Engineer: 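Sending over a structure as structure tokens; questions will come in a sec.
All values reported here derive from a predicted model rather than from experimental measurement.
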Amino acid sequence: QVQLVESGGGLVQAGGSLRLSCAASGRTFSTYVMGWFRQAPGKEREFVAAISRNSGSTHYPDSMKGRATISRDNAKSTVYLQMNSLKPEDTAVYSCAARSGSIVYTTENKYDYWGQGTQVTVSS
């Protein structure tokens with residue numbers, strides 16, 4: 001089992017940047033595929049980014065390509081999400097998630113563990 005704790009959210013102006021972090025407990029972080037998802041008020045949770053266990057592959061939805069970069073440091077048991085050129089529509093609670101296994105999925109129901117989330121608010 002793994003516990004996930006996000007940090008780095010906050011209030012930023014449109015066009016700005018934020019770097020989110022997700023620290024995982026346990027000593028098996030490198031065995032998990034990691035993902036970031038977000039949920040805005042009144043909307044369904046949506047996929048933001050995912051990364052394979054060895055950082056060999058990353059995945060993004062079209063809405064985040066070129067603006068988001070997911071990375072991980074297995075030695076620190078941490079996954080990061082760098083977001084640039086933020087827009088008001090990026091406002092949401094951002095959560096990291098972990099899944100056992102090697103396949104990188106972009107759907108939330110494939111992930112086994114979730115953090116509590118961190119609020120990102122982008123002002124216009």
Side-chain angles (χ1 to χ4, degrees):
Q1 192 167 355
V2 61
Q3 293 184 326
L4 305 171
V5 179
E6 301 94 337
S7 62
L11 175 64
V12 63
Q13 289 189 331
S17 299
L18 276 178
R19 187 195 196 202
L20 307 183
S21 299
C22 172
S25 65
R27 291 174 284 182
T28 59
F29 179 73
S30 62
T31 67
Y32 293 97
V33 167
M34 299 299 297
W36 284 96
F37 293 79
R38 68 185 182 186
Q39 187 167 23
K43 295 187 177 181
E44 294 185 351
R45 185 179 288 172
E46 62 177 354
F47 169 68
V48 177
I51 188 167
S52 63
R53 296 183 299 185
N54 64 356
S55 302
S57 67
T58 57
H59 301 261
Y60 307 92
D62 288 343
S63 60
M64 300 305 294
K65 286 180 180 177
R67 300 193 302 123
T69 302
I70 187 172
S71 61
R72 66 190 294 165
D73 185 335
N74 286 344
K76 295 182 178 179
S77 297
T78 302
V79 62
Y80 305 96
L81 181 68
Q82 175 70 43
M83 296 187 293
N84 303 320
S85 301
L86 284 163
K87 306 173 183 179
E89 51 263 44
D90 294 318
T91 295
V93 174
Y94 285 71
S95 300
C96 67
R99 72 172 304 275
S100 303
S102 61
I103 299 175
V104 180
Y105 286 100
T106 62
T107 50
E108 62 175 294
N109 63 354
K110 295 295 187 180
Y111 286 79
D112 306 302
Y113 306 102
W114 291 83
Q116 292 297 313
T118 185
Q119 176 71 46
V120 171
T121 303
V122 184
S123 63
S124 56

Engineer: Between the main-chain N or O of Tyr105 and the side-chain N or O of Tyr111, is there a donor-acceptor pair closer than 3.5 Å?
Structural biologist: yes

Engineer: Could you give the distance from OG (Ser63) to CZ (Phe47), rounded to the nearest 0.5 Å?
Structural biologist: 9.5 Å

Engineer: Of all heavy-atom pairs between Ser85 and Ser17, which one has the smallest distance, and what is that distance?
Structural biologist: N-OG, 4.4 Å

Engineer: Treating Ser52 as the side-chain partner and Ser57 as the backbone partner, does any N or O pair qualify as donor plus acceptor under 3.5 Å?
Structural biologist: yes

Engineer: Output every pair passing salt bridge (charged side-chain N to carboxylate O under 4.0 Å, His left out) with a member in residues 42-56, not counting sequence neighbours, ordered by first then second residue.
Structural biologist: Arg38-Glu46, Arg45-Glu108

Engineer: Which pairs count as salt bridge (charged side-chain N to carboxylate O under 4.0 Å, His left out) when at least one residue sits in residues 74-89, sequence neighbours excluded?
Structural biologist: none

Engineer: Under the salt bridge (charged side-chain N to carboxylate O under 4.0 Å, His left out) definition, can you give me all pairs with a residue in residues 6-25, not counting sequence neighbours?
Structural biologist: none

Engineer: Under 3.5 Å, is there a donor-acceptor pair between the side chain of Thr118 and the main chain of Gly9?
Structural biologist: yes

Engineer: side-chain hydrogen bond (donor to acceptor under 3.5 Å, both in side chains): which pairs involve residues 65-75, sequence neighbours left out?
Structural biologist: Asp62-Lys65, Arg67-Asp90, Arg72-Asn74

Engineer: For Ser95 versus Gly117, what's the shortest heavy-atom pair and its separation?
Structural biologist: OG-CA, 3.5 Å

Engineer: If you group Ile, Leu, Val, Met, Phe, Trp and Tyr whenever their side-chain heavy atoms sit less than 4.5 Å apart, what else falls in with Met64?
Structural biologist: Val2, Leu4, Val12, Leu18, Leu20, Phe29, Tyr32, Met34, Trp36, Val48, Ile51, Tyr60, Ile70, Val79, Leu81, Met83, Leu86, Tyr94, Tyr113, Val120, Val122

Engineer: Can you name the side-chain hydrogen bond (donor to acceptor under 3.5 Å, both in side chains) partners of Ser124, sequence neighbours left out?
Structural biologist: none

Engineer: Mind checking the OG-NZ spacing from Ser100 to Lys110? Nearest 0.5 Å is all I need.
Structural biologist: 13.0 Å

Engineer: Hey, does Leu11 have a side-chain heavy atom less than 4.5 Å from the side chain of Ser123?
Structural biologist: yes

Engineer: Take atom CD of Gln119 as the centre, draw a 6.0 Å sphere, and report whether it contains more than 12 heavy atoms from other residues, nucleotides or ligands.
Structural biologist: yes

